[in-house]
A.B. asks: 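Take a look at the following structure, please.
Both ligands and their constituent atoms are indexed starting at 1 by order of listing. Every value quoted in this text rests on a predicted model; they were computed, and no experiment measured them.
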Amino acid sequence: MTQYKHIFILTGAGISAPSGIQTFRGSNGLWNGYNVEEVATPYAFEDNPNLVHNFYNDRRDDIRAKKPNAAHLALGELFEASKGMCENEIDTQITLVTQNIDDLHERGGFEETIHMHGEIFKKRCVDCWNVEDSNGDTSVGDLCSNCNGKIRPHIVWFGESPFDMVGINRCLKKCDLFISIGTSGQVAPASEFVEIAHRHGARTMEFNMERTAISQHFDDVVVGDVVETVPDWVSRFLQDYEETDVE
Ligand code: BJW
Ligand code: ZN
């Protein structure tokens, strides 16, 4: 396993599900009575900003009370090893891109997580794009401290461009191992990452509770709960590294 020089990890709602954060496309695709496909759009925010603010206020309260699980912590350990911040030092660059808007990767130790769909603990101005931390509720009356423009959640809705796509594409093309964890593969462009990485020569692995709509694109599919499969893979990866180092 140690031949990998650059690992790209993509995570989705399934990694935070064991922490108690609901996924999007479970049995009925509802989040506490809200339909994500209807509420997570710029049109919904135009038509009914109160509803959208309340949706994210509820989610923020929910997420604040949750804790990182064993899968987040295992990836945090991998991050520390890649930075030489612990006894396991690895000569592998790790890029972690999450579709999740929660902060459980950061709280689990992966400090440089890229949030392609935004962050629930940030808000921004619709006019000047001034981004600020947002720990409390937001509402229609909130105005930008920079230009008095309207405030919205710093979230990527359907039809909007995900963040950091230039850097993400660069990393996808140069990684030699692509890993997808806990995502259904139903939302583009994240659903296309595996094919890009594969086309550029990467080995590809999927970790999910069940086979997904895109499982056929992966070299290896690991079916099971991420709290078991991810720590297991990370510990084997680090152990393998140590053994190769000793030789
Ligand atoms: C476990 C587990 C355990 C559970 N162990 N596994 C037709 C019309 C209009 C638009 C489109 C269209 N066709 C395509 C589009 C594009 C559109 C899209 O893909 N729509 C589809 C729904 C059809 N995409 C966009 O609009 C995106 N923008 C875009 O494409 O811009 C163009 C562009 C591209 C490239 C460069 C520049 C420009 C934007 C997408 C924004 C997505 N936003 C959301 C909501 C905001 C965030 C939030 O509020 O939280 O992001 S939608 C929602 O889905 C959320 C998620 O990040 C995203 C992905 O969901 P995820 O993470 O995969 O969750 P689930 O619930 O689907 O799956 C969970 C998985 O976990 C399951 O597989 C379980 O089995 C597994 N699991 N527990 C292991 N314990
Ligand atoms: Zn502003």
A.B. asks: Salt bridge or not for K5 and D91, using N-O below 4.0 Å?
C.D. replies: yes
A.B. asks: Is the backbone of I15 close enough, under 3.5 Å, to the side chain of N69 for a donor and an acceptor to pair up by distance?
C.D. replies: yes
A.B. asks: On the 0 to 90° scale, with breaks at 30° and 60°, tag the F110-F79 ring pair as parallel, tilted or perpendicular.
C.D. replies: tilted
A.B. asks: Does R60 reach the main-chain N or O of I120 with its side chain, forming a donor-acceptor pair under 3.5 Å?
C.D. replies: yes
A.B. asks: Looking only at non-hydrogen atoms, which of Q99, E228, Q186 approaches atom 23 (C) of ligand 1 most closely?
C.D. replies: Q186
A.B. asks: Looking only at heavy atoms, is any part of I155 under 4.0 Å from ligand 1, and if so is it the side chain, the backbone, or both, or is it neither?
C.D. replies: side chain
A.B. asks: From atom 43 (N) of ligand 1, work out which of T212, V156, N100 has a heavy atom at the shortest distance.
C.D. replies: V156
A.B. asks: Counting N and O atoms only, with roles assigned by atom type, does the side chain of Y4 sit under 3.5 Å from a partner on the main chain of Q93, one being a donor and the other an acceptor?
C.D. replies: no
A.B. asks: Heavy-atom distances under 4.0 Å are what count here, so tell me which part of I101 touches ligand 1: side chain, backbone, both or neither.
C.D. replies: side chain
A.B. asks: Specify whether W157 and F45 have parallel, tilted or perpendicular ring planes, treating 30° as the upper limit for parallel and 60° as the lower limit for perpendicular.
C.D. replies: tilted
A.B. asks: To which of N208, V226, V227 does the heavy atom nearest atom 75 (O) of ligand 1 belong?
C.D. replies: N208
A.B. asks: Can you name the atoms of ligand 1, numbered from 1 with element, that are less than 4.0 Å from a heavy atom of R59?
C.D. replies: 48 (C), 49 (O), 50 (O)
A.B. asks: Against heavy atoms of G12, which atoms of ligand 1 measure under 4.0 Å?
C.D. replies: 62 (O)
A.B. asks: Could you go step by step and tell me if R203 and D220 meet the salt bridge (charged side-chain N to carboxylate O under 4.0 Å, His left out) rule?
C.D. replies: CA-CA 8 Å; R203 188 159 186 88; D220 302 304; 3.1 Å; yes
A.B. asks: When you check the side-chain N and O atoms of S145 and E132, is any donor under 3.5 Å from an acceptor?
C.D. replies: yes
A.B. asks: Could you work out, for atom 65 (P) of ligand 1, the closest of G14, S161, S184 by heavy-atom distance?
C.D. replies: S184
A.B. asks: Regarding E160 and R152, does a basic nitrogen lie under 4.0 Å from an acidic carboxylate oxygen?
C.D. replies: yes
A.B. asks: Applying a heavy-atom cut-off of 4.0 Å, say which part of A13 lies close to ligand 1: side chain, backbone, both or neither.
C.D. replies: both
A.B. asks: For ligand 1, which atoms have a heavy atom of P18 less than 4.0 angstrom away?
C.D. replies: 80 (N)
A.B. asks: Let's go through K83 and E112 carefully: what are the C-alpha distance in whole Å and the side-chain angles of both, what is the deciding distance for salt bridge (charged side-chain N to carboxylate O under 4.0 Å, His left out) to 0.1 Å, and is it a yes or a no?
C.D. replies: CA-CA 11 Å; K83 295 287 166 195; E112 293 169 17; 3.4 Å; yes
A.B. asks: Would you say F207 contacts ligand 1, with heavy atoms under 4.0 Å as the rule?
C.D. replies: no
A.B. asks: G159 heavy atoms, cut-off 4.0 Å: which ligand 1 atoms fall inside?
C.D. replies: 25 (C), 26 (O)
A.B. asks: Looking at R64 and D61, is any side-chain nitrogen of the basic one under 4.0 Å from a carboxylate oxygen of the acidic one?
C.D. replies: yes
A.B. asks: Below 4.0 Å, non-hydrogen atoms only: which portion of P162 touches ligand 1? Side chain, backbone, both or neither.
C.D. replies: side chain
A.B. asks: Please confirm whether the backbone N or O of N100 pairs with a side-chain atom of H115, one donor and one acceptor, at under 3.5 Å?
C.D. replies: yes
A.B. asks: What part of A188, side chain, backbone, both or neither, has a heavy atom within less than 4.0 angstrom of ligand 1?
C.D. replies: both
A.B. asks: Give a yes-or-no answer on whether the side chains of T138 and H53 include a donor-acceptor pair shorter than 3.5 Å.
C.D. replies: yes
A.B. asks: Answer with yes or no whether A190 contacts ligand 1, where contact means a heavy atom under 4.0 Å from a ligand atom.
C.D. replies: no
A.B. asks: Provide the number and element of each atom of ligand 1 under 4.0 Å from a heavy atom of E210.
C.D. replies: 75 (O)
A.B. asks: For M209, counting its heavy atoms only, list the atoms of ligand 1 lying under 4.0 Å from any of them.
C.D. replies: 1 (C), 3 (C), 6 (N), 79 (C), 80 (N)
A.B. asks: G182 heavy atoms, cut-off 4.0 Å: which ligand 1 atoms fall inside?
C.D. replies: 69 (C), 70 (C), 71 (O)
A.B. asks: What's within reach of the Zn ion (ligand 2), meaning protein N/O/S atoms under 2.8 Å?
C.D. replies: C125 SG, C128 SG, C144 SG, C147 SG
A.B. asks: Inspect the contact between R236 and D232 and indicate whether a charged nitrogen and a carboxylate oxygen are less than 4.0 angstrom apart.
C.D. replies: yes
A.B. asks: Identify, by atom number and element, the atoms of ligand 1 in contact range of M165, meaning under 4.0 Å from any of its heavy atoms.
C.D. replies: 36 (C)
A.B. asks: Do you know which of K123, H117, K122 makes side chain to side chain donor-acceptor pair (under 3.5 Å) with E119?
C.D. replies: K122
